[in-house]
Amino acid sequence: MIKKIAVLPRKPLRYRYDNVTKQDNSNTKAESKIMRLSRYFIPTIKETPSEAQIVSHRLMLRAGLIRQSAAGIYTWLPLGLKVLKKIENIVREEQNRAGAHELLMPTIQSADLWQESGRYDDYGKEMLRIEDRHGRELLYGPTNEELITDIFRREVRSYRDLPLNLYHIQWKFRDEIRPRFGVMRGREFLMKDNYSFDLTAEEGVHSYNAMFVAYLRTFARLGLRAIPMKADTGPIGGDLSHEFIVLAETGESEVFFDKGFDAFEIPGEDVFDGDLQPIVDQWTSLYAATDEMHDVENPGVDMKNIQTGRGIEVGHIFFFGDKYSKPMGASVQGPEGDIVDVQMGSYGIGVSRLIGGIIEASHDDNGIIWPESVAPFKVGLMNLNVKNDECVETCDRLYKEFTAAGVEILYDDRKEGAGAKFADMDLIGLPWQVALGPRGLKSGMVELKNRATGEREEVAIDDIVARLS
RNA sequence: CGGGAAGUAGCGCAGCCUGGUAGCGCACUACACUGGGGGUGUAGGGGUCGCAGGUUCAAAUCCUGUCUUCCCGACCA
């Protein structure tokens, strides 16, 4: 049988790059045209979805951040994805600052490595196992110790290459018996995990300390109050381990911590060159424990100084020495020519879970209250009357000016009533709301509202862009 | 995995007990009015009742199986 094949013209294909390269590729400008709510995609829900039990899950569905795809598996809608990326970036910046290097390991792993470490059988049903067309055993990675150790042992031979700290931000899958609480306890989740390699235990502790400090800074930048608590090292093992617990009234577990934490300062960004031990010593000097570790009968501490609250675990750091390096042969040649098993630590932050944590810690009856650092947009501009030409013109102008000033702005130009716009804007939770209607137009003022405090003030139309830039 | 519930329009639900033309509210579409806190009216569109099998003249409704989702517990970033 002869198939007719379309013959391509002989003329060489020539792409015109000029038009593309001349464009301004800055995010703000590229996005500016679509940040009109009438053209954007934020499907908000007025009613409470029945399956969502906790406030962050409800608000994430209502504000159009996520939609459930299967139990514990979610699609990230544009607004949710924007927040996720912002969190991811803050995590990334602080990791880089602390000296870690980013790479990206795959989600699908071969079973071989896991058989070598012995965890293929140990991990149990929580690990999602897959078979490819050739019958090879694969798995969707629940964590990456095996892979990273394999990379390390293949590429690193000498103590001169140490210390080394590698991280990635990648989707993981753990087939939880019972996923719940939306993104807080999903099966698929985005996690930053990293692994430090050092020659000696002392240097390993230094790497641990760097991560400890990086975590303090990361959570603070996310607008969270996180307290490091001594953790049960559990199956991962090791001597040194802390959980970072974010305080939120609706947290999953009860926590007990010394009032003295209130006075501690978050380390500055230049601390990594110096000795970190005093910082870690300070933050670990006071009592702090989750209900698992806290003995109510015999707390071993004067409860008069202890406050209780609820918290959500958002990070966990471990130093476990040669627990994995020894069985997997991750060693280097030391300065004396001897072969030394490296000292390892691993450090995790639940990036997707953090969105839930942030909302749990920051919301009210009307919706989400984003900390400015992770807000999907800084400002929401509302045209309260789209039938009024002058309103439209003025709002369009403000929108352009905000965009030109580099302010991340969402412009509600929909043909909705004012009430609907206010309600959606509160639900979405942008830090600043700018409302302009015919009434304000007459006096030359817009209403500026701070979402967090609820404070409103009149600001001259001509001043508002500068005010929020 | 143990215990408990639920699958009917995009969302929230009624109808099932007692089998007989598939409903309500919100959302959606069109038009008009309204225009500073989810406004009003008129007219519309949309559902093989999770799936499969069985009983019956007839099944959303009764029976069996199955899948999915949610809640409580043990587990966990």
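Convention: sequence-line order gives letters A, B, ...; per-chain numbering from 1.
- Two residues are said to be in side-chain contact when any heavy atoms from C-beta on lie closer than 4.5 Å; A:R353 and A:R185 meet this criterion.
- For A:R178, a side-chain nitrogen or oxygen approaches OP1 or OP2 of B:rC71 to under 4.0 Å.
- For the pairing with A:E102, the side-chain hydrogen bond (donor to acceptor under 3.5 Å, both in side chains) check across A:R92, A:H168, A:K192, A:Q95 returns one residue only, A:R92.
- When the C1' atom is used for both B:rA60 and B:rA30, the distance is 32 Å, rounded to whole Å.
- Taking atom C1' on both B:rA14 and B:rG4, the two are 23 Å apart, rounded to the nearest angstrom.
- By the 6.0 Å and 45° rule, A:R129 stacks over the aromatic ring of A:Y120.
- Both distances falling under 3.5 Å, in either a Watson-Crick or a G-U wobble arrangement, occur for no nucleotide opposite B:rC75.
- Applying the 3.5 Å distance criterion, the base of B:rG38 shares a donor-acceptor pair with the side chain of A:D424.
- By the 4.5 Å heavy-atom criterion applied to side chains, A:F257 and A:H294 are not counted as neighbours.
- The side chain of A:Q433 contributes no N or O atom lying less than 4.0 Å from OP1 or OP2 of B:rG37.
- In this structure, A:I45 places its CD1 atom 16 Å from C1' of B:rA9, rounding to the nearest Å.
- At the phosphate of B:rA77, neither OP1 nor OP2 sits under 4.0 Å from any side-chain N or O atom of A:T143.
- The side chain of A:K172 contributes no N or O atom lying less than 4.0 Å from OP1 or OP2 of B:rA77.
- The distance from atom CD of A:E416 to atom P of B:rG39 is 9 Å, rounded to the nearest whole Å.
- Side-chain atoms of A:D193 and A:Y195 form a donor-acceptor pair, as typed in the model, at a separation below 3.5 Å.
- Interface residues of residues 455-467 of chain A facing RNA chain B, ordered by number: A:R456; criterion, heavy-atom separation under 4.0 Å.
- Looking at A:D262 and A:R225, a side-chain N of the basic residue comes within less than 4.0 Å of a carboxylate O on the acidic one, giving a salt bridge.
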